[in-house]
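Below is one structure, written out as structure tokens; the observations come after it.
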Amino acid sequence: MPWELAQGAPGKEVWMGSANLDPVSRSYPAQYVSSWTMKYGTPVTIRPIRPEDEPLMVNFHKTLSDRTVYLRYFSSLSLSRRTAHERLFRICTCDYQTEIVLVAEHRNPQTAESQILGVARLNKLATNNEAEVAGLVSDQYQHQGLGSELLRQLIKVAQEEKLSCLRAEMLRDNFPIQIIFKRLGFRLRLLGDSASVQAILDL
Ligand SMILES: CC(C)(COP(=O)(O)OP(=O)(O)OC[C@H]1O[C@@H](n2cnc3c(N)ncnc32)[C@H](O)[C@@H]1OP(=O)(O)O)[C@@H](O)C(=O)NCCC(=O)NCCS
């Protein structure tokens with residue numbers, strides 16, 4: 001399966017999709033819902049994704065610049081591929097057992113319309129008690145602390161899930177995310193291909 005379809009980082013067992021690891025889904029993990037206010041006052045609810053989020057996810061992907069997409073997926077994944085129903089369906093119906101996707105939702109008080117401003121995911125690896133994490137924030141809402149907060153919440157999830165280690169992979173020239181991971185306590189190491197960097201957090 002091409003790596004981008006499963007949205008993980010390249011080279012990991014997790015790509016084949018969480019359903020292959022454990023077919024038993026668990027109920028909605030409401031304990032991972034939190035409220036947070038962005039730098040300029042925009043309130044968001046950070047919560048595990050739900051099946052009915054698919055249209056919101058389509059709109060979210062429309063807000064991403066080519067650069068943002070490249071930094072996240074290590075390639076220029078087209079909008080049509082990112083928003084393909086099969087792909088978003090799989091993400092929105094994650095089992096909450098081996099995979100937890102958090103979205104940051106803002107509800108416009110005037111129109112009551114919801115918008116997803118950022119997404120972060122945690123995929124447990126098949127072979128050990130570790131997980132891989134990644135984050136993505138809508139261009140218009142970057143630099144307001146949301147990426148950091150989403151990852152902070154994922155660390156809490158990982159602690160609750162009694163994981164022993166979190167990992168993330170990013171391009172070597174993706175300095176913003178390296179700064180964020182360092183601030184959150186991850187250690188960084190250059191990978192063999194020298195094009196990417198791995199962030200590791202022992203829990
Ligand atoms: C990385 C990403 C998730 C960060 O989201 P964000 O909401 O902008 O992050 P934050 O606002 O929490 O930024 C935290 C810090 O990172 C640094 N930072 C963020 N964006 C930066 C940029 N473009 N240039 C330099 N530093 C940046 C800053 O130090 C910032 O802190 P400050 O604003 O207090 O100075 C977002 O930029 C994104 O979606 N990037 C593309 C996808 C990606 O790279 N994902 C990571 C793969 S694991």
Side-chain angles (χ1 to χ4, degrees), residues 3-12 14-15 34-47 49 56-79 81-83 87 91 99-106 115-125 130-158 163 165-191 193 195-201:
W3 67 270
E4 65 271 17
L5 293 183
Q7 245 195 347
K12 297 293 184 304
V14 76
W15 296 348
S34 61
S35 298
W36 189 72
T37 304
M38 294 172 62
K39 193 168 174 183
Y40 304 119
T42 305
V44 290
T45 300
I46 295 179
R47 57 166 177 78
I49 202 164
L56 297 183
M57 286 294 283
V58 172
N59 290 338
F60 169 68
H61 275 281
K62 288 179 184 168
T63 69
L64 304 177
S65 68
D66 291 347
R67 173 76 180 157
T68 288
V69 170
Y70 180 76
L71 290 175
R72 171 62 187 91
Y73 301 104
F74 296 20
S75 72
S76 49
L77 194 58
S78 70
L79 178 64
R81 289 190 71 189
R82 284 183 278 126
T83 57
R87 178 175 183 274
I91 291 167
E99 181 177 26
I100 292 180
V101 180
L102 295 180
V103 297
E105 176 188 13
H106 171 65
Q115 194 183 353
I116 288 176
L117 310 185
V119 180
R121 56 188 299 135
L122 178 153
N123 291 85
K124 293 181 189 172
L125 298 174
E130 301 182 358
E132 197 162 73
V133 293
L136 184 58
V137 171
S138 173
D139 283 72
Q140 198 192 333
Y141 291 94
Q142 290 180 7
H143 314 294
Q144 297 185 45
L146 183 56
S148 303
E149 179 60 17
L150 280 165
L151 289 167
R152 219 173 276 125
Q153 292 303 321
L154 275 190
I155 293 172
K156 283 189 191 167
V157 168
L163 293 173
C165 181
L166 287 181
R167 295 175 186 275
E169 223 168 279
M170 66 225 73
L171 290 172
R172 188 180 182 172
D173 62 352
N174 189 353
F175 298 116
I177 192 67
Q178 290 173 38
I179 293 170
I180 292 171
F181 278 127
K182 267 189 160 173
R183 282 186 186 168
L184 292 172
F186 284 72
R187 62 180 197 278
L188 302 180
R189 68 179 186 120
L190 198 58
L191 289 176
D193 62 4
S196 49
V197 171
Q198 188 177 49
I200 304 165
L201 179 69

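Note that ligands are numbered from 1 as they come in the structure, with each ligand's atoms numbered from 1 the same way. None of the values given here were measured: they were computed from a predicted structure.
- In this structure, the protein non-hydrogen atom closest to atom 23 (N) of ligand 1 is H143 CE1, 3.0 Å.
- Of the protein's heavy atoms, Q142 NE2, 3.5 Å lies nearest to atom 38 (C) of ligand 1.
- Contacts between A168 and ligand 1, counted as non-hydrogen atom pairs separated by less than 4.0 Å, are absent for every part of the residue.
- Counting heavy atoms from C-beta outward, K182 and I179 have side chains that stay 4.5 Å or more apart.
- To the nearest 0.5 Å, atom CZ of residue R152 and atom CG of residue L154 are 11.5 Å apart.
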Stepwise side chain to side chain contact (heavy atoms under 4.5 Å, CB included) test for Y70 and L171:
CA-CA 9 Å; Y70 180 76; L171 290 172; 3.5 Å; yes

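- Residues I91 and V101 meet the side-chain proximity criterion, which asks for heavy atoms closer than 4.5 Å.
- Among V137, L64, L150, T68, the residue whose heavy atom lies closest to atom 42 (C) of ligand 1 is T68.
- Among all non-hydrogen protein atoms, the one lying nearest atom 31 (O) of ligand 1 is R183 NH1, 3.0 Å.
- Under 4.0 Å is where a charged nitrogen must lie from a carboxylate oxygen, and between E99 and K124 no such pair does.
- When hydrogens are left out, the protein atom nearest atom 47 (C) of ligand 1 is G135 O, 4.0 Å; that is the closest non-hydrogen contact.
- Contacts of I180 with ligand 1, taken as heavy-atom pairs under 4.0 Å, involve the side chain alone.
- Protein heavy atom closest to atom 24 (N) of ligand 1, with residue, atom name and distance, is P176 CG, 3.6 Å.
- Close contacts between ligand 1 and I179 involve ligand atoms 29 (O) [criterion: under 4.0 Å to a heavy atom].
- The protein non-hydrogen atom at the shortest distance from atom 5 (O) of ligand 1 is G147 CA, 3.4 Å.
- Counting atoms of ligand 1 from 1 in the listed order, those under 4.0 Å from a heavy atom of G145 are 10 (P), 11 (O), 12 (O).
- The distance from ligand 1 to the heavy atoms of Q144 drops below 4.0 Å at these ligand atoms: 11 (O).
- Remark: the N123 side chain and the E132 side chain contain no N/O donor-acceptor pair separated by less than 3.5 Å.
- No donor-acceptor contact under 3.5 angstrom links the side chains of Q115 and T63, judged on distance only.
- Residue H143 holds its NE2 atom at 9.5 Å from OH of Y40, rounded to the nearest 0.5 Å.
- With hydrogens left out, the protein atom closest to atom 12 (O) of ligand 1 is S148 OG, 2.5 Å, a heavy atom.
- Within ligand 1, counting atoms from 1 as listed, the ones closer than 4.0 Å to a heavy atom of N174 are 43 (C), 44 (O).
- Protein heavy atom closest to atom 1 (C) of ligand 1, with residue, atom name and distance, is I177 CD1, 3.7 Å.
- Contact check for V137 versus L117: no side-chain heavy atoms found under the 4.5 Å cut-off.
- Counting the atoms of ligand 1 from 1 in the order shown, those under 4.0 Å from a heavy atom of L136 are 39 (O), 42 (C).
- Taking 4.5 Å as the limit, every side-chain heavy atom of R72 sits out of range of all side-chain heavy atoms of T68.
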